[in-house]
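Keep in mind that what you see is a predicted model, and the values were worked out from it rather than measured.
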Number of protein chains: 4
Amino acid sequence: MKAATRVIVTEGLSAPTATIAREAGVSSGSLFTYFDTKAELFNQLYLELKSGMAAAALEGIPAGGKFRDQMFHVWSNWMRWAVASPEKRRALAQLSVSDQMTAATRAGGNKAMKGLAELMERCRAKGALRDAPMAFVASIVNSMAEATMDFMVQDPTNAAKHCKAGFEALWRALN
Amino acid sequence: MKAATRVIVTEGLSAPTATIAREAGVSSGSLFTYFDTKAELFNQLYLELKSGMAAAALEGIPAGGKFRDQMFHVWSNWMRWAVASPEKRRALAQLSVSDQMTAATRAGGNKAMKGLAELMERCRAKGALRDAPMAFVASIVNSMAEATMDFMVQDPTNAAKHCKAGFEALWRALN
Amino acid sequence: MKAATRVIVTEGLSAPTATIAREAGVSSGSLFTYFDTKAELFNQLYLELKSGMAAAALEGIPAGGKFRDQMFHVWSNWMRWAVASPEKRRALAQLSVSDQMTAATRAGGNKAMKGLAELMERCRAKGALRDAPMAFVASIVNSMAEATMDFMVQDPTNAAKHCKAGFEALWRALN
Amino acid sequence: MKAATRVIVTEGLSAPTATIAREAGVSSGSLFTYFDTKAELFNQLYLELKSGMAAAALEGIPAGGKFRDQMFHVWSNWMRWAVASPEKRRALAQLSVSDQMTAATRAGGNKAMKGLAELMERCRAKGALRDAPMAFVASIVNSMAEATMDFMVQDPTNAAKHCKAGFEALWRALN
DNA sequence: CATGAATGAGCGTTCATTCAT
DNA sequence: GATGAATGAACGCTCATTCAT
């Protein structure tokens, strides 16, 4: 998985399986002992990365406190993961837009995001978009997160500032 | 171009050039009379689609009137283009994330978006994100547009409603 | 023909016919009005070049005089042609080893060389190789001519010297 | 290598790699496991054939004895190789005039011919062509060898006679 | 279970030749 | 007769996958 992540970042999804195997230090044949096809490897990797991202975001939510503070805690976790794992993030981005991801895999990805989704749902239900479908809100959250990550990575000195600005823009959009 | 757009939507960027040629009703060799390589075809198509999208968005901006109304006019144009040209939109999305797009092509794409970029800049300069980099704002605008388009397409009955809701969320985020 | 000669020198026999046509200032289709196939163009060019070479070699043979002097006159003509027409010589060399030359073309080439062949035959008949087949002698003459040409071209300052040395080596070989 | 040699003789250098692979009894893809490109296969084959030819020529030179006898021994070896390996000879001839041979390959070929070159140099230094460049002599030797080979192959009954006649003509030319 | 050579279908691209204008 | 766009067969090369060892 680690090898595949690295290779996807440098060579894209069209990288030969042999390259991934070499990067992982195994033979090209061994790869197919564990994954029936290249597509299956990618599907599993997608799930692993998405789950890892969700888990990182949900870590250590303050039990009490205001909802907005909880949300900001999650948002910060999420941004921190992105900054700390740029390769995982980029590989995940590539996998997300690939048409090799099966419906089952996408469903699994959503399941892994369940905890986050519930928080978003709470946002939606009591905010300005209370009449919009949940997926609309999720999409907005996702894309504002991506935009914020980009600028934290590009301008690391002001990462904390961008993190906060992104959150506040999102909060305004939703309330 | 039309054939390439259709084929990209159904088969992705890895579709054989022969398929595109057949869809266009020409021989496989003829394609290379007009485009030196597959990558060049994709680069030109990206520019064409991006320019078309930008032109559609900027059509008929009311000269006078409030800035917010002008923005909403552009936003509506943009959403209308997306709903009316789902294939173009999907092909453009795939091309946008492809690493086959050259720097020159991306630069050309940005140039085509210049009119839109200027409007966004006016939003940024006097709004809550006045201290954020322009590209941050552009990314937010883009992604909220994408989210809105998705839900207009998925739920066409309430398209006008989603269009308005998306715009308002964006406006809140920026002000 | 001139265009084909130039193109063969710079790009070899695998040069596209379109390149030859462009060099000749005609359309790619026109080429096939005058030559049914690429191979036919090459066969005709071979004949033209070979005939031109033979004619150049035989020009102005002194009627009387010693046989050796006549031979040297021809040899000098031949070398002069090679030095003056390096492109023709190189194109002819490439055509000569090509398997696209038909038997008829090769026969025609020999016919064009008839005058030279008769001189060689006189050499053979009264020299050391009088028992060897004529073609053996012809091959030796040809290849010593090629060797001499190479060094006249590479070292033009001493061209006359190389010309003479080559002739004398040949004369020794044959007598 | 053997398969490539055979195929080059029958179909020339433009033979499809698939034909060579089939002749070798392997799949078309396997060929590229061992040679990165068709050109590399040809370059390696050239070196192998040239080295083999040189080695055959230099085999068992009589240590003592007259220089002329040593030369004739080498000449005979050389001619014997040509008669025994007509396919190798023809493939080598085609490869030698191909512009796909790299400078490095030609340099390697010359290195393999070093032993022969030294003998030729001794001929040159004390013969009639002592003032001519070495490459001139080498070219003459080569081409008289080729002429002799041709006639040994065409008239095998008198092969030994042609071999001797060729050598003597060469010896006269050089002395 | 690990290995890595072998496989062969598939693709992008070229180019001799044709033919409607 | 000239043109040059169109044609499509052919080729070099790649790579996911298999399987004998």
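Within 4.0 Å (heavy atoms only), B:A21 reaches no atom of the nucleic acid at all.
Taking OG1 from B:T105 and CD from B:Q44, the interatomic distance works out to 8.5 Å, rounded to the nearest 0.5 Å. The distance from atom CG of D:L13 to atom CD1 of D:I8, rounded to the nearest 0.5 Å, is 5.5 Å.
Closest-nucleotide positions on DNA chain E for C:L13 and B:K38 were compared, and the one nearer the 5' end corresponds to B:K38. The residue among B:A39 and D:G29 whose nearest nucleotide of DNA chain E is located toward the 5' end is D:G29. Nearest-nucleotide positions on DNA chain F for D:S28 and C:T33 put C:T33 closer to the 5' end. Comparing B:V26 and D:P16 by the nucleotide of DNA chain F whose heavy atom lies nearest to each, the residue mapping closer to the 5' end is B:V26.
Contact annotation: B:S27 does not reach the phosphate of F:dA6 (side-chain N/O to OP1 or OP2, under 4.0 Å). Remark: D:T17 is in phosphate contact with F:dG12, judged by side-chain N or O atoms under 4.0 Å from OP1 or OP2. For A:S30, a side-chain nitrogen or oxygen approaches OP1 or OP2 of E:dT3 to under 4.0 Å. Checking the phosphate oxygens (OP1, OP2) of F:dA6, a side-chain nitrogen or oxygen of B:Y34 falls inside 4.0 Å.
Rounded to an integer number of Å, the gap from D:D36 CG to F:dC15 P is 13 Å. The nearest whole Å value for the distance from the CG atom in A:L31 to the C1' atom in F:dC19 is 16 Å. Look at CD on C:Q100: it is 14 Å from P on E:dC15, rounded to the nearest Å. Rounded to an integer number of Å, the gap from CZ of C:F42 to C1' of E:dC15 is 13 Å. Taking atom CZ of A:R22 as the reference point, atom C1' of E:dA2 lies 17 Å away to the nearest angstrom. When the C1' atom of F:dT18 is taken as reference, atom CZ of A:F32 falls 10 Å away, rounded to whole Å. Note: CD (D:E40) to C1' (F:dC13) measures 13 Å, nearest angstrom. In this structure, CZ of A:F35 is placed 15 Å from P of F:dT18, rounded to the nearest angstrom.
E:dT21 is paired with F:dA2 under the criterion used here, namely a Watson-Crick or G-U wobble arrangement in which both key atom distances are under 3.5 Å. Searching all strands for a Watson-Crick or G-U wobble partner of F:dA10 with both distances below 3.5 Å returns E:dT13.
Judged purely by atom type and a 3.5 angstrom limit, C:S139 has no side-chain atom pairing as donor or acceptor with the backbone of C:A135. Side chain of A:S98 to backbone of A:Q100: a donor-acceptor contact under 3.5 angstrom is found.
A donor and an acceptor atom, one from each side chain of A:S30 and A:T33, are nowhere located under 3.5 Å apart.
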